[in-house]
Amino acid sequence: MGSREAGADGPGPPGPGPGEPRFPFPYTPYVIQEQFMAALYGALEAGRVGIFESPTGTGKSLSLICGALTWLRDFEQKKREEEARLLAPEESGQEGKERPGSAAAAQPESQGTAGEPDWVTAFVQKKEERDLVDKLKVEECSDGTRGNGSVWQGEEQIRRKKREDRLEKIRNNVQLKYAAKRKRSEEDETKRLLQLSKEVLSEGAGDALEQLDHNEEELILAEYESDEEKKVVSGLEEDDDDLEEEHVTKIYYCSRTHSQLSQFVREVQKSPFSKDTRLVSLGSRQNLCVNEDVRRLGALQLINDRCMEMQKNKHEKKSDEENGEKKRRVSRTVCPFYSYEQMQFLRDEVLVEVKDIEQLVALGRKTKACPYYGSRYAVSAAQLVVLPYQMLLHEPTRNAAGIKLKDQVVIIDEAHNLVDTITCIHSAELCCAHSQLLQYMERYRKRLKAKNLMYIKQILYLLERFVAMLGGNVNQNPSCQAVSQTGTVLKSINDFLFQSHIDNINLFKVQRYCEKSLISRKLFGFVERYGSPASAVKSSKENQKLSGLQNFLLTLQQGADTEAGTPQSPVVEAEHEQVRTASPLMQIEGFLSALTNANQDGRVIINRQGTVGQSSLKFLLLNPAVHFAKVVEECRAVIIAGGTMQPVADFREQLLACAGVDPARVVEFSCGHVIPPENILPIILCSGPSNQQLEFTYLTRSMPQMMDETGRILCNLCNVVPGGVVCFFPSYEYEKQIYAHWEKTGLLTRLAVKKKIFQEPKKANQVEQVLVEYAKCIKRCSQAGEQMTGALLLSVVGGKMSEGINFSDDLGRCVIMVGMPYPNIKSPELQEKMAWLDKTMPRAAGQPPSRVLIENLCMKAVNQSIGRAIRHQKDFASILLLDHRYARPAIFNKLPQWIRDRTQVKPAFGAAFAELRKFHRGKLNAS
């Protein structure tokens with residue numbers, strides 16, 4: 001959001017009243033921004049779950065920043081004052097006495113709590129207060145002894161002071177710190193090279209066969225011990241005082257994409273809180289890794305696997321050195337950026353100055369420190385943590401990142417698709433990997449411990465049963481096995497477990513084994529090394545043994561890639577050519593984890609298509625609330641925010657109510673737009689120029705007269721609307737169909753006289769090019785003497801242009817919605833979701849929940865699409881909804897309020913056209 005001068009939007013709002021918070025702001029805020037911040041502050045203070053809606057262009061990000069950080073500033077101040085009050089009796093020798101204003105002193109003697117005697121209440125309160133004092137106080141003596149002259153101070157105060165002193169030194173000595181760190185880094189590199197030279201000289205040529213054996217050691221699984229048997233210990237120094245620092249109260253801000261997070265951080269940098277807020281940005285290794293050899297792997301799972309393997313190499317090397325072991329072994333690659341000292345330094349630099357992900361990566365390269373782990377070390381001391389909401393909503397990922405939600409604040413922005421996001425995160429699709437694992441086990445059977453063999457055999461059995469459920473046999477090529485009965489079948493979790501004969505296996509233990517034992521990474525390394533003819537020619541015997549594996553891998557991988565719509569890439573060895581496939585056991589781990597959900601909360605989808613290689617198993621999560629419940633239970637407050645949150649029934653019923661949130665804890669806030677009412681003209685059009693009623697149902701929308709009528713509406717509009725017109729269709733198929741019809745009838749040629757026509761591409765990498773050409777055309781046509789008045793962009797609801805793209809100013813002077821984009825109700829997944837809702841949720845206003853779901857899905861998509869046009873205070877646009885069904889109250893009321901309040905329903909085209917011509921001519925003359 002760009003800045004504006006104070007008072008640019010007229011007189012500012014009245015100042016806050018007595019006792020009300022004051023919100024620092026970079027300029028005079030809009031009235032609605034003041035209202036937004038006040039409502040946000042109140043929700044955080046009261047520990048509410050809030051649903052906040054603020055249209056794009058109203059400064060939502062800055063309102064979230066200033067409202068939330070003002071609350072955090074005040075909260076920390078109150079906390080310090082409370083600590084000082086509790087510790088004051090110790091300093092004055094009044095231990096055990098009541099102080100005015102304390103909780104116990106304020107309690108009336110005649111009243112108890114919940115019917116308890118007042119002395120019990122007073123005792124409990126006093127005990128809680130004493131426990132807090134015991135936690136806070138630390139005795140510090142100037143001479144190091146106990147006795148008179150000791151000063152009681154809060155432990156958190158001491159840590160806070162220590163941290164602030166350290167960060168202040170860094171602020172004042174940045175160049176000095178850089179020089180010192182670089183010098184140490186160079187010295188470490190020199191030592192490493194000298195040590196490597198000594199090892200090479202001492203080993204000599206060595207025995208080739210022994211060298212080969214050592215080379216395979218890294219593929220052998222270490223003896224597995226479960227969490228109950230062994231606590232997994234990090235390779236980092238545990239005695240560092242900084243790592244023991246407790247999490248300060250913080251705000252976790254989540255959004256959907258890294259670009260949205262970077263934009264938010266830039267808003268923080270422009271805010272009044274930029275200098276005194278400790279902010280850290282978290283992201284995936286794919287976005288934060290600075291090791292070019294690892295980054296070149298491309299795929300996220302490959303990057304994760306290689307990073308973890310390099311860490312393990314470093315920890316094992318350190319362990320060997322500490323134990324004095326002198327094994328002859330091949331030198332394993334370790335990451336030069338995984339330096340504990342350097343990452344500590346990066347952590348402090350992150351806390352000193354607000355940085356977005358790009359700046360964090362640049363700092364990591366400059367200081368030779370890993371931004372991925374360095375940023376995680378900064379989480380405990382940070383006040384504002386910025387991260388993708390997939391990372392926060394998935395508990396294992398959350399725990400791995402060191403995120404602790406207890407009594408913290410979570411703000412989830414761009415949350416209009418939150419229900420679907422949680423569903424997708426916790427659903428899983430299975431690609432079988434039986435052959436690879438079997439070959440791995442056979443090769444290393446004699447060198448694997450008994451517990452590893454037991455688990456591997458269990459996984460093999462599971463995979464065998466999964467393939468059998470698809471109608472196949474693991475001993476045959478999946479692409480050559482025809483499926484006898486094609487189609488999609490949905491089963492409950494229990495039915496699937498019983499029918500596949502795996503109900504006697506503890507899936508929790510197997511899934512944990514896949515996660516903890518590194519079997520996925522070992523198998524990946526095995527396939528990488530021996531999964532292609534190039535690497536399998538080490539011996540004729542080995543080549544013969546693995547030929548079947550190579551065949552299976554290639555056909556299976558190609559089948560999986562074809563289904564996923566990704567380029568086909570066989571598994572190849574990667575000394576110089578990079579591998580592009582991840583360990584298939586990662587998918588198995590995800591699928592097993594999904595099967596541990598409660599029976600009523602999910603379904604297994606068995607999709608049999610042609611051959612076994614084309615078929616798949618998929619888990620569908622029906623109840624996303626079970627994974628959101630822990631977030632709302634642990635957090636002090638949760639804010640779900642977005643530019644368009646209507647309709648909110650999905651959030652209230654499917655997410656919050658099912659997660660056990662008390663309706664009294666939920667608060668809703670929706671503000672209007674900053675644009676004047678005369679800058680927007682939304683119209684619901686019920687019939688076209690030839691009086692054809694507009695109803696784009698699946699059966700009627702393909703009728704020639706309906707497509708002709710749509711074309712005539714667009715021709716008329718392109719004559720009076722300047723600049724860009726964006727027209728949304730329900731699907732790619734319908735957009736293609738109507739385009740071909742217009743081309744055949746000559747209507748496309750008539751449209752092209754006034755507007756150059758662009759189509760939304762299906763491929764994401766072509767979107768930018770189309771948008772650039774679209775913008776160039778509109779700019780060129782705005783110059784005098786041009787016959788064409790702009791451009792027409794044919795887009796698809798739910799496609800690349802319907803979210804995240806801004807059609808501001810001349811890029812979107814009119815947005816047209818053709819029909820109502822209802823989802824495909826014939827989809828087995830959607831039918832199961834509808835049936836589940838009808839069974840578990842109450843009826844709303846006489847409608848079954850399944851019907852409400854369909855309407856909500858439709859209107860969420862509509863609202864996202866039509867919100868693309870108005871992007872700032874002085875912007876203007878018309879919005880045209882082509883379907884008489886939009887005028888029905890149940891549908892009409894699900895439009896955003898700022899659009900709904902200004903919408904006109906026009907039964908005939910003539911009246912609508914007159915309004916549109918008047919609107920755009922008025923704006924043209926005003927400019």
Side-chain angles (χ1 to χ4, degrees), residues 219 221 224 226 299-302 304-305 308 394 396-397 424-442 448 451-470 472-475 478 491 493 496-497 499-528 531 549 552-553 555-557 559-561 563-564 571 579 581-597 602-607 612-621:
L219 298 180
L221 277 167
Y224 174 72
S226 65
L300 175 60
Q301 192 54 59
L302 292 180
N304 288 342
D305 286 350
M308 296 298 290
H394 188 246
T397 308
C424 290
I425 289 172
H426 294 93
S427 296
E429 190 161 4
L430 179 63
C431 163
C432 296
H434 186 276
S435 181
Q436 300 99 309
L437 190 57
L438 180 62
Q439 295 289 343
Y440 176 86
M441 185 185 74
E442 291 298 329
L448 290 172
K451 190 168 288 188
N452 278 319
L453 282 172
M454 179 193 74
Y455 276 111
I456 290 174
K457 286 179 179 179
Q458 281 191 334
I459 297 170
L460 285 169
Y461 176 74
L462 288 171
L463 292 175
E464 184 180 328
R465 298 313 308 159
F466 292 155
V467 172
M469 289 296 286
L470 294 173
N473 187 316
V474 292
N475 296 318
K491 294 186 179 295
I493 298 174
F496 178 79
L497 296 177
Q499 292 177 26
S500 57
H501 307 296
I502 61 172
D503 53 295
N504 60 329
I505 293 179
N506 188 329
L507 297 182
F508 287 95
K509 277 196 160 187
V510 179
Q511 184 261 332
R512 197 176 299 120
Y513 174 80
C514 290
E515 179 185 351
K516 299 286 186 182
S517 70
L518 301 182
I519 177 64
S520 295
R521 297 182 188 99
K522 298 298 185 182
L523 182 61
F524 170 72
F526 174 72
V527 173
E528 182 181 358
L549 166 63
F552 185 94
L553 280 173
T555 52
L556 183 61
Q557 184 60 44
D561 286 341
E563 283 293 303
V571 179
V579 184
T581 57
S583 169
L585 275 186
M586 297 302 294
Q587 293 171 308
I588 295 167
E589 182 187 325
F591 189 69
L592 294 179
S593 178
L595 290 179
T596 60
N597 279 274
R603 297 290 182 270
V604 179
I605 304 169
I606 304 172
N607 183 25
V612 174
Q614 295 171 325
S615 304
S616 66
L617 291 174
K618 183 177 180 181
F619 176 80
L620 172 67
L621 181 69

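Residues meeting the side-chain contact (heavy atoms from CB on, under 4.5 Å) test with Gln511, sequence neighbours left out: Glu515, Glu589, Leu592, Ser593. Under the rule for a side-chain contact (heavy atoms from CB on, under 4.5 Å), the partners of His501 that lie at least two apart in sequence or sit in another chain are Tyr461, Arg465. Scored by the side-chain hydrogen bond (donor to acceptor under 3.5 Å, both in side chains) test, Thr397 finds His394 as partners (sequence neighbours excluded). Here Lys457 pairs with nothing under the side-chain hydrogen bond (donor to acceptor under 3.5 Å, both in side chains) rule; sequence neighbours left out.
Note that CG of Leu497 is 10.0 Å distant from CG of Asn504, once rounded to the nearest 0.5 Å. Rounded to the nearest 0.5 Å, atoms CG (Leu460) and CG (Leu438) are 5.5 Å apart. Distance CG/Leu470 to CG/Asn607: 8.5 Å, rounded to 0.5 Å. Note that the SG atom of Cys514 and the CD atom of Gln458 stand 10.0 Å from one another [nearest 0.5 Å]. Interatomic distance, OH of Tyr455 versus CG of Leu448, reported as 14.5 Å (0.5 Å rounding). Between Ile505 atom CD1 and Leu595 atom CG the span is 11.5 Å, to the nearest 0.5 Å.
In this structure, Lys491 and Ile606 have side chains that are in contact, with non-hydrogen atoms separated by less than 4.5 Å. Contact check for Lys451 versus Tyr513: no side-chain heavy atoms found under the 4.5 Å cut-off. Side-chain contact between Leu462 and Leu507 is present, with at least one heavy-atom pair separated by less than 4.5 Å. Under the 4.5 Å side-chain criterion, counting only non-hydrogen atoms from C-beta, His426 is not in contact with Phe619. Taking the side chain as every heavy atom from C-beta outward, Asn473 and Val467 never approach each other to under 4.5 Å.
In this structure, Ala428 and Ala594 approach most closely via the heavy-atom pair CB-CB, 4.4 Å. Val612 and Gly472 make their closest contact through CG2-CA, 3.6 Å (heavy atoms, listed as atom of the first residue, atom of the second, distance).
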